[in-house]
Amino acid sequence: MHFTKTLTNWYSINKRDLPWRNTKNPYYIWLSEIILQQTQIKQGLPYYEAFVSQYPTVFNLANAHEEAVLKLWQGLGYYSRARNLHATAKYVAYELHGNFPNTYKDLLKLKGVGDYTASAIASFCFNEVAAVVDGNVYRVLARFYGIHTPINSTQGNKVFKALAMDLIDAKNPANFNQAIMEFGAIQCKPSSPDCSVCPLKEGCVAFRKNEVNVLPVKIKNNKPKNKFFNFLVYVTDGGYTILEKRKGKGIWQNLYQFPLLESKHSLDEADFLQQLNPDDSVVKVTLYNPVDIIHKLSHQHLHTKFWIIQTTNLPKIGIPISEIENYAVPILIKNFIDAFNFQSEI
């Protein structure tokens, strides 16, 4: 069976019409690839369209305020991607006069661009023979060739990259890269793929050995840490609350949040009031969610409570609740703001 030819034939019939496939503009390709890191196409597509609409050129993005970029990114998670996106836009616009590097090697020098993204831009825009290896590619190759080397190991990175480079169509690398990723996304899905209609099943080792559900192999990461967050949602009769900008390094750097009280365990009302130690200006304290909201991140689980604190006097400068939507906040905070009726507390 000719793996590459079968794959590209399948792609010619089954490929989805996506906006970044109809351009060779490196700005648009780069934008789409950064957005689609750790993100499914159906979730990423509206964000791509929003960024292209708001920032049609790399100069527009470079000239934007970081807070505006983070606000537009809100809900996509992994916010370091947005910060790197903005930093790279400024570098390309101001240092490279708007011209993206045109080789895999030079693309790798851009902030937030690794092997996969550099390979994608180099092949899609400049026809360089650079094989992409993402989650979809790992899955297709591991199953078809029966490879048990863990995909998240140093050895795995080398094995799969070398194999992808051997298989790539040197005459049309962009088409091959798109084909193998699309095949993994649509046909060779992570769980319960329909192997009965797969054009590669005759040569697929995993299909023959009944190992489709065990490949690819991935080393399990350390168990995520549990953290306990208590957000202080101050509300005044005049319609003000407090949002603080997160400083320092971290996943939510430069995003806004309600004042945070971190504890070693989930607090009941008595524990919370003891730690808060409210003054005479506090009229009432109410727990919004009796059961912790568990926000799962890749490396930690945030057990979260929102405490509504009605007060006559804020402990620091506040903002009008009517303007709260203007601030870039983590999705955990955004979901609370969308659900909570501030007006009933004013």
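Quick caveat: nothing in here was measured; it's all calculated off a predicted structure.
Side-chain contact annotation: T311 with T236, donor-acceptor N/O pair under 3.5 Å absent. A side-chain donor-acceptor contact under 3.5 Å links S123 and N177. In the model, N99 has no side-chain atom that pairs as donor or acceptor with a side-chain atom of Y27 under 3.5 Å. Side-chain N/O atoms of N60 and T57 include a donor and acceptor closer than 3.5 Å. In this model, a donor atom of one side chain and an acceptor atom of the other lie less than 3.5 Å apart for Y256 and E67. When only modelled atom types and interatomic distance are considered, T23 and N25 share no side-chain donor-acceptor pair under 3.5 Å. S119 and K161 form a side-chain donor-acceptor contact under 3.5 Å, judged by distance and modelled atom types alone. Looking only at atom types and distance, the side chain of Q300 has no donor-acceptor partner in the side chain of N226 under 3.5 Å away. A donor-acceptor pair shorter than 3.5 Å cannot be found between the side chains of N152 and Y138. A donor-acceptor pair shorter than 3.5 Å cannot be found between the side chains of S263 and Q275.
The number of heavy atoms from other shown groups lying within 6.0 Å of CD1 (I219) is above 12. For D279, the CG atom counts as densely surrounded, since its 6.0 Å shell holds more than 12 non-hydrogen atoms of other residues, nucleotides or ligands.
Within the model, atoms NZ of K71 and CD of E325 stand 5.5 Å from one another, a figure rounded to the nearest 0.5 Å. Atoms CD and OH, on Q74 and Y47 in that order, are 7.5 Å from each other to the nearest 0.5 Å. Note that OG1 of T304 and CG of N335 are 11.0 Å apart. Values are rounded to the nearest 0.5 Å. Here the CZ atom belonging to F258 is positioned 12.5 Å from the OH atom belonging to Y234, to the nearest 0.5 angstrom. Put simply, NZ on K24 and CD1 on I29 are 8.0 Å apart, with the number rounded to the nearest 0.5 Å. Here CG of L200 is found 10.0 Å from CD of E202. Values are rounded to the nearest 0.5 Å.
Of the possible polar contacts, one joining the R81 side chain to the L76 backbone as a donor-acceptor pair under 3.5 Å is found. A donor-acceptor pair under 3.5 Å is absent between the side-chain atoms of S53 and the main chain of E49, judged by distance alone. A donor-acceptor contact shorter than 3.5 Å links the side chain of R139 to the backbone of C188. Side-chain N or O atoms of T39 include one that pairs as donor or acceptor with a backbone N or O of Q37 at under 3.5 Å.
Each of F144, W10, F176, Y11 was compared with F183 under the ring-ring contact (aromatic ring centres under 6.0 Å, His included) criterion, and only W10 meets it.
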- Task: Any chance you could lay out the salt bridge (Lys or Arg N to Asp or Glu O under 4.0 Å) test for D338 and K334, step after step, and finish with the verdict?
- Result: CA-CA 6 Å; D338 289 347; K334 172 80 164 61; 2.7 Å; yes
- Under the side chain to side chain donor-acceptor pair (under 3.5 Å) criterion, do D169 and T4 qualify, and how do the steps go? CA-CA 7 Å; D169 181 354; T4 301; over 6 Å; no
- What's the verdict on salt bridge (Lys or Arg N to Asp or Glu O under 4.0 Å) for K90 and E95, showing C-alpha distance, side-chain angles and the deciding distance? CA-CA 8 Å; K90 289 195 278 192; E95 304 296 324; over 6 Å; no
- Task: Check step by step if salt bridge (Lys or Arg N to Asp or Glu O under 4.0 Å) holds for E66 and R83.
- Result: CA-CA 7 Å; E66 186 185 70; R83 290 189 288 270; 5.4 Å; no
- Checking ring-ring contact (aromatic ring centres under 6.0 Å, His included) for the pair W307/Y288: CA distance, chi angles, key distance, verdict? CA-CA 6 Å; W307 299 87; Y288 171 72; over 10 Å; no
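Using cut-offs of 30° and 60° for the angle between ring planes, the F3 and Y145 rings count as tilted. Ring geometry, F306 versus F336: the interplanar angle falls under 30°, so the pair is classed parallel (tilted spans 30 to 60°).
A continuous path of Ile, Leu, Val, Met, Phe, Trp and Tyr side chains, each step under 4.5 Å between heavy atoms, connects V233 with L243, placing both in one hydrophobic cluster.
Note: H303 and F228 meet the aromatic proximity criterion, with ring centroids under 6.0 Å apart.
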